[in-house]
K.L.:
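Sharing a structure, written as structure tokens. Questions coming.
Residue numbers begin at 1 in each chain, while the letters A, B, ... track the order of the sequences.
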2 protein chains.
Amino acid sequence: MATPQQPAGDEAGSVTRKSRLSREIVLEAALKLVDEEGLEALTMRRLGQALHRDPMGLYRYAANRAALLDGVTELVLDELAIFADDPDWQGQLRRIAHDLRLLALRHPNVVPLLVTRPLSTPLGLRPLGTLRPLEQILGLLIDAGFTASDALHVYRAYYGFLYGHILNELQEFIVDPDENEALLRLGLHRLPPKEFPRLRALAPALADYDGASELDEGLTILLSGLAAHLSAPLVKKG
Amino acid sequence: MATPQQPAGDEAGSVTRKSRLSREIVLEAALKLVDEEGLEALTMRRLGQALHRDPMGLYRYAANRAALLDGVTELVLDELAIFADDPDWQGQLRRIAHDLRLLALRHPNVVPLLVTRPLSTPLGLRPLGTLRPLEQILGLLIDAGFTASDALHVYRAYYGFLYGHILNELQEFIVDPDENEALLRLGLHRLPPKEFPRLRALAPALADYDGASELDEGLTILLSGLAAHLSAPLVKKG
DNA sequence: TAGGGATGTCTACATTGTAGATATTAGGCG
DNA sequence: CGCCTAATATCTACAATGTAGACATCCCTA
């Protein structure tokens, strides 16, 4: 009578009688696995054993592995909150950018999915969760006074820059944080000095990358430039 | 005696006696495979059979599959020519950007590698071929009068934007080019109208994406903004 | 002509995604 | 209360992958 749901067919004694699964639970377990052990650790069998389930059962919640990956990206993007009614579009875009940056830093192993999956899925067939930010930002810009097609231009430049920045920042990677010489810390000592003089000389600058402010400066340039070149609404700051 | 090199142990008669391999030949075959059939078609066995060789032999030219992928990205980036002595840095960066864009359009299946591989390899350990553009652009900017650390800032903003644009452009994908209604062409008809009104309304604008000019406009904004915010050299146009 | 390092080939194995058959459960109707 | 049906869970099996390790063969040099 320990497990009220089960009529004692399963005698083996492995106690964990599992509560009903759901797509959300599965995806969250998948995300956890990716966060902790990387993308290639997310296999059906590993995920199954993380959930104490038969791997085959997971196919009820994701048609195949690709769909599972899509689900994970969707789950991550859901963490991004967009308030489409803020009239300060520049401020709003700035906030979103920083939010997405932090999200990427929190889930670095998911970033390849974020940038890669859409490349193999036509716009109209993507998971809705990944299209929602696009729709919402378009709404934000249109509400702020942009033409629909100008809104699209702004969105493209903005999102392009944002994703590019995130990729850049995640790439500049510290090999050995214990080392205090910048050249060594970044592994740049391997590079032939003749061929890569400036890269090597820039080691210290590379080593202290302030991603947030670098992103912010770029955004300032880009957003004000966009505002100037297009049918810019007047609003600027709260 | 048909095959002079072989002392008649191999009787089966498959005639093609293969000329000596080289890393370049292997990588070029790999690139061809990726271009024609996509990334996941690049397996050791498929590549082996494309070269009429035993798959195991390929491990002499690439330590493992990951190294093979790195080699392919290196090969592709080698197509990019950078002339570090041009004093018109803006013009030069513009040209490079368009070159890289075209390169990406020519090898769309390689783009995931371009943006993804560096994420799993620390800067100092990357294939030299992928670091060369960075070094050269730094040289270009420094020669044009930028501080070394300003050059790095410019590079980051520039390359970030460029990669972002390329990703963006490759993502906006036509599902059914035969269809002449934009909504259908992009597969957007699947989206619930209530939730995605602007995206659906923008279908025509999405359908004719002029990547080159979109890239160019973004660059104009970004480069002139960067020049204004930093220790900008005076030179502008040839 | 003999040796030896480089190069090529074969077999084998662990791991993956996933199809398909089979067992087990839960709920509705007599 | 008991059976039938559909959902759900589990097992077995298979083809494909990367790659280790043993073996065979080549070709150049001495």
Side-chain angles (χ1 to χ4, degrees), chain A residues 1-27 29-30 33-34 37-72 113 117 120, chain B residues 1-27 29-30 33-34 37-72 113 117 120:
Chain A
M1 310 294 173
T3 59
Q5 310 265 43
Q6 222 67 346
D10 191 349
E11 77 296 77
S14 119
V15 211
T16 44
R17 204 62 248 129
K18 29 276 175 128
S19 53
R20 175 65 112 275
L21 240 47
S22 75
R23 185 176 154 87
E24 270 237 317
I25 296 177
V26 171
L27 292 182
L33 212 53
V34 171
E37 309 193 38
L39 260 186
E40 65 280 12
L42 177 52
T43 73
M44 293 315 225
R45 291 174 230 252
R46 295 272 283 109
L47 184 56
Q49 104 184 32
L51 290 164
H52 305 102
R53 287 301 162 68
D54 187 291
M56 286 297 113
L58 303 175
Y59 284 92
R60 198 168 308 284
Y61 305 99
N64 48 36
R65 205 186 111 104
L68 194 69
L69 297 179
D70 279 340
V72 172
L113 293 183
R117 296 285 320 151
S120 42
Chain B
M1 313 288 170
T3 58
Q5 311 265 43
Q6 221 70 342
D10 189 348
E11 75 297 78
S14 117
V15 213
T16 43
R17 206 62 253 128
K18 32 278 177 129
S19 53
R20 175 66 112 276
L21 240 48
S22 76
R23 176 155 214 264
E24 270 237 315
I25 295 178
V26 171
L27 292 182
L33 211 54
V34 172
E37 308 192 39
L39 260 186
E40 64 280 13
L42 177 52
T43 73
M44 292 316 221
R45 290 175 230 254
R46 294 272 282 108
L47 184 56
Q49 100 183 36
L51 291 165
H52 305 101
R53 288 299 161 69
D54 187 290
M56 285 300 113
L58 303 176
Y59 283 91
R60 197 167 310 279
Y61 305 99
N64 49 36
R65 202 186 114 103
L68 194 68
L69 296 178
D70 279 340
V72 172
L113 294 183
R117 296 286 319 151
S120 41

K.L.:
Could you check how far NE2 of B:His52 sits from P of C:dT7, rounded to whole Å?
P.N.:
21 Å
K.L.:
Got a sec, which residues hit salt bridge (Lys or Arg N to Asp or Glu O under 4.0 Å) with B:Arg23, two or more places apart in sequence or on another chain?
P.N.:
none
K.L.:
Under the side-chain contact (heavy atoms from CB on, under 4.5 Å) test, which residues partner A:Asn64, sequence neighbours left out?
P.N.:
A:Ala66, A:Ala67
K.L.:
Whole angstroms only, please: what is the CG-P distance between A:Leu69 and C:dG17?
P.N.:
10 Å
K.L.:
Can you sort out the partners of A:Arg60 under side-chain hydrogen bond (donor to acceptor under 3.5 Å, both in side chains), two or more places apart, ordered by chain and number?
P.N.:
none
K.L.:
In whole angstrom, what separates B:Leu47's CG from D:dT17's C1'?
P.N.:
14 Å
K.L.:
Check the distance between C:dG17's P and A:Glu40's CD and give it to me in whole angstrom.
P.N.:
12 Å
K.L.:
Does any N or O donor sit under 3.5 Å from an N or O acceptor when you compare the side chain of B:Arg53 with the base of C:dG8?
P.N.:
no
K.L.:
Could you work out, with salt bridge (Lys or Arg N to Asp or Glu O under 4.0 Å) as the rule, every residue matching B:Arg65, not counting sequence neighbours?
P.N.:
none
K.L.:
Would you kindly compare B:Ala66 and A:Arg45 by the position of their nearest DNA chain D nucleotide and give the one closer to the 5′ end?
P.N.:
A:Arg45
K.L.:
To the nearest 0.5 angstrom, please state how far the CZ atom of A:Arg45 sits from the CE atom of A:Met56.
P.N.:
6.5 Å
K.L.:
Using heavy atoms and a sub-4.0 Å distance, could you list which residues of residues 54-65 of chain B are near DNA chain C? By number, please.
P.N.:
B:Asp54, B:Met56, B:Gly57, B:Arg60, B:Tyr61
K.L.:
Check the distance between C:dA14's P and B:Met44's CE and give it to me in whole angstrom.
P.N.:
20 Å
K.L.:
Please give, in whole Å, the distance from C:dT15 C1' to A:Leu42 CG?
P.N.:
15 Å
K.L.:
List the residues meeting side-chain hydrogen bond (donor to acceptor under 3.5 Å, both in side chains) with B:Glu24, not counting sequence neighbours, and say none if there are none.
P.N.:
none
K.L.:
Whole angstroms only, please: what is the CD-P distance between B:Gln49 and C:dG8?
P.N.:
18 Å
